[in-house]
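Throughout, numbering of the chain's residues begins at 1 and tracks the sequence. Worth saying up front: this structure is predicted, and the values here are computed from it rather than measured.
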Amino acid sequence: MPESGEAIEQKERFAVACLAFVLHHDRKFLSDFLRRVCDWAEPETQQDFDVWVEKGNYGDLVLENNKRHVVFVLECKIDAPLKPHQLPDSQSFFTEGYGCDIVQGYPYTPEEPWKRVYITLEQTDEDRKYPDSALISCKSRHWDALTVSRDSRELLSALVNDLFHAFAELRIHCFAAWNMKTHHMKLADQYFHACAVKELLQNTAALIRNQFVLNAESFDDSELKTTHDSYIGRALVRKNAPNEWLDFTGSKHERPGHHLGWYGYAWGRAHVGFYVKGSTKHSALKLLKAVAKTGEEETGEDGDYVWISSVGNHPDDQGWFLSVFARITAGLGR
């Protein structure tokens, strides 16, 4: 049964309260949050920031620095969409919405001019770009701006680890790997269980975007008949992809929405493939063969499509996907 609006709102309030608690008590995490989420170029000033929850009639989380006269107001969404009064590109934002309240809460004076920054934090795939304003700088962020790779987990404090586990339980997709039930599932032989797989693919998409600067979009849900007669995955799109990946696929001059590749589960195996153009097909397939591990991966081609598939057992499927992209990246840098 879908969650009610009230249940969604309470879940988001709980997530913000957990986040605020850790920001207040773990100043190293606050410094990292200021840098990664807020684009604050002086994260070492974290000791000057106060953390507020639902301060005033604007936003969920407020990070306020009275010494530097800068304030970051964050509106955090998990499942609910942003409402017009919360959206900087709506007419009501500055007239009666959050923008109006932020300006009133931090008024301009020549002696103490405030730098006001409003940030929407969502888990939607949509990349928002807000219009510039002389009154408030507005930014859009995804929850995955907070994530780190699994290899860095030992560097996190116990508080931050607990926070990320809580985010996973609240179904913030990019933290799915912190849910150990999901993280350790071996799904290659049962990937037709769509809900569990989509959770893994969603989380993997966030990590691929962070680690390899490749964007993914929902794509290709087949009828999911059996493990050997179905496929489910996500498309990799050309838009904003690094030049080395465009050269690898020969798609440098294609339209931004052109599909660069695909990863997911196909015909009973974990699978990563790329759509290549012209003479790049030979070199792309050669690179895939070079990075494939004997007995664990196999490569192939089908028209303008080249691919690498998992044929062995791996500690986790997500780790295999990421290792493929890492090995290709290393190969492109040679």
Side-chain angles (χ1 to χ4, degrees), residues 8-43 45-46 48-66 68-90 92-94 97-106 114-124 126-133 135-148 159-160 163-164 166-167 170-175 206 210:
I8 291 173
E9 182 179 349
Q10 293 305 316
K11 181 167 71 172
E12 291 173 347
R13 294 182 73 179
F14 179 72
V16 171
C18 291
L19 176 59
F21 180 86
V22 179
L23 288 170
H24 178 73
H25 289 281
D26 189 326
R27 290 281 150 163
K28 182 179 177 181
F29 177 63
L30 172 59
S31 179
D32 195 50
F33 186 91
L34 288 166
R35 177 179 60 85
R36 288 154 63 100
V37 178
C38 303
D39 289 333
W40 179 238
E42 305 173 35
T45 63
Q46 41 81 14
D48 298 326
F49 278 88
D50 293 319
V51 181
W52 300 89
V53 176
E54 296 183 355
K55 182 182 181 182
N57 191 31
Y58 44 83
D60 295 316
L61 179 69
V62 175
L63 305 178
E64 180 185 283
N65 188 326
N66 283 285
R68 300 299 181 97
H69 291 96
V70 59
V71 60
F72 297 102
V73 178
L74 291 98
E75 179 63 20
C76 306
K77 295 294 185 183
I78 299 177
D79 295 320
L82 289 163
K83 299 176 182 177
H85 69 280
Q86 301 167 337
L87 274 169
D89 52 5
S90 72
S92 62
F93 182 78
F94 286 102
Y98 282 5
C100 176
D101 293 327
I102 292 170
V103 172
Q104 291 179 3
Y106 299 91
W114 278 90
K115 175 181 174 63
R116 316 178 189 101
V117 183
Y118 176 74
I119 301 170
T120 57
L121 189 61
E122 301 177 82
Q123 68 171 342
T124 175
E126 182 181 359
D127 287 322
R128 300 183 189 274
K129 289 188 177 180
Y130 299 126
D132 294 331
S133 168
L135 298 174
I136 304 173
S137 174
C138 300
K139 305 174 185 292
S140 172
R141 290 288 183 271
H142 297 277
W143 281 97
D144 54 40
L146 280 72
T147 61
V148 297
L159 265 181
V160 176
L163 174 68
F164 288 177
F167 283 169
L170 292 169
R171 300 185 66 80
I172 301 178
H173 297 310
C174 60
F175 292 95
N210 281 350

Please step through side chain to side chain contact (heavy atoms under 4.5 Å, CB included) for the pair L63 and V71, ending with a clear verdict. CA-CA 6 Å; L63 305 178; V71 60; over 6 Å; no

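- Remark: D39 CG to F72 CZ distance equals 8.0 Å, nearest 0.5 Å.
- Across every non-hydrogen atom of F29 and L19, the tightest pair is CE2-CD1, 3.8 Å.
- Panel note: side chain Q104, backbone D101; no donor-acceptor pair is recorded below 3.5 Å.
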Between Q123 and K77, does the side chain to side chain contact (heavy atoms under 4.5 Å, CB included) criterion hold? Intermediate values first, please. CA-CA 7 Å; Q123 68 171 342; K77 295 294 185 183; over 6 Å; no

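- In this structure the side chain of Y118 reaches within 4.5 angstrom of the side chain of E75, judged on heavy atoms.
- Shortest non-hydrogen contact noted between L135 and R116 is O-NH1, 2.7 Å.
- The shortest heavy-atom contact between D89 and P131 is CB-CD, 3.8 Å.
- In this structure, P88 and Y98 have side chains that are not in contact, with every pair of non-hydrogen atoms separated by 4.5 Å or more.
- Note that the CZ atom of R27 and the CG atom of D32 stand 14.0 Å from one another [nearest 0.5 Å].
- Annotation: side chain of I119 is not in contact with side chain of V73 (no heavy-atom distance under 4.5 Å).
- Put simply, SG on C18 and CG on L23 are 11.0 Å apart, with the number rounded to the nearest 0.5 Å.
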Report the C-alpha distance between R68 and K115 in whole Å, list the side-chain angles of each, state the deciding distance to 0.1 Å, and finish with yes or no for side chain to side chain contact (heavy atoms under 4.5 Å, CB included). CA-CA 9 Å; R68 300 299 181 97; K115 175 181 174 63; over 6 Å; no

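- Between E122 and R141 there is no salt bridge, since none of the side-chain N atoms of the basic residue sits less than 4.0 Å from a carboxylate O of the acidic one.
- For the pair N65 (side chain) and V70 (backbone), a donor-acceptor distance under 3.5 Å is absent.
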Going through the distances and angles, do E64 and W114 end up as a side chain to side chain contact (heavy atoms under 4.5 Å, CB included)? CA-CA 10 Å; E64 180 185 283; W114 278 90; 4.1 Å; yes

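- Rounding to the nearest 0.5 Å gives a distance of 7.5 Å between SG of C174 and CG of L146.
- A salt bridge is defined here as a Lys NZ or Arg NE, NH1 or NH2 lying under 4.0 Å from an Asp or Glu carboxylate O, and D79 with K11 meets this definition.
- Side-chain contact between L170 and E12: absent, with no pair of heavy atoms (C-beta onward) separated by less than 4.5 Å.
- Here the closest non-hydrogen pair linking N210 and D144 is ND2-O, 3.0 Å.
- Q46 is listed as a side-chain neighbour of L34, based on a closest heavy-atom distance under 4.5 Å.
- Counting only N and O atoms by type, the side chains of Y130 and T120 include a donor and acceptor under 3.5 Å apart.
- Taking every heavy atom of both residues into account, V53 and A20 meet most closely at CG2-CB, 3.3 Å.
- For the pair L121/L61, no side-chain contact is recorded, criterion being any heavy-atom separation below 4.5 Å from C-beta on.
- Here CG of D48 is found 9.5 Å from CD of E42. Values are rounded to the nearest 0.5 Å.
- At least one side-chain heavy atom of Y58 sits less than 4.5 Å from a side-chain heavy atom of Y106.
- Minimum interatomic distance between K139 and C38 (heavy atoms only, all atoms of both residues): CE-O, 4.1 Å.
- At a threshold of 4.5 Å between non-hydrogen side-chain atoms, the residues W40 and F49 count as touching.
- One distance of note links OG of S92 with CG of L87; it measures 8.5 Å at 0.5 Å rounding.
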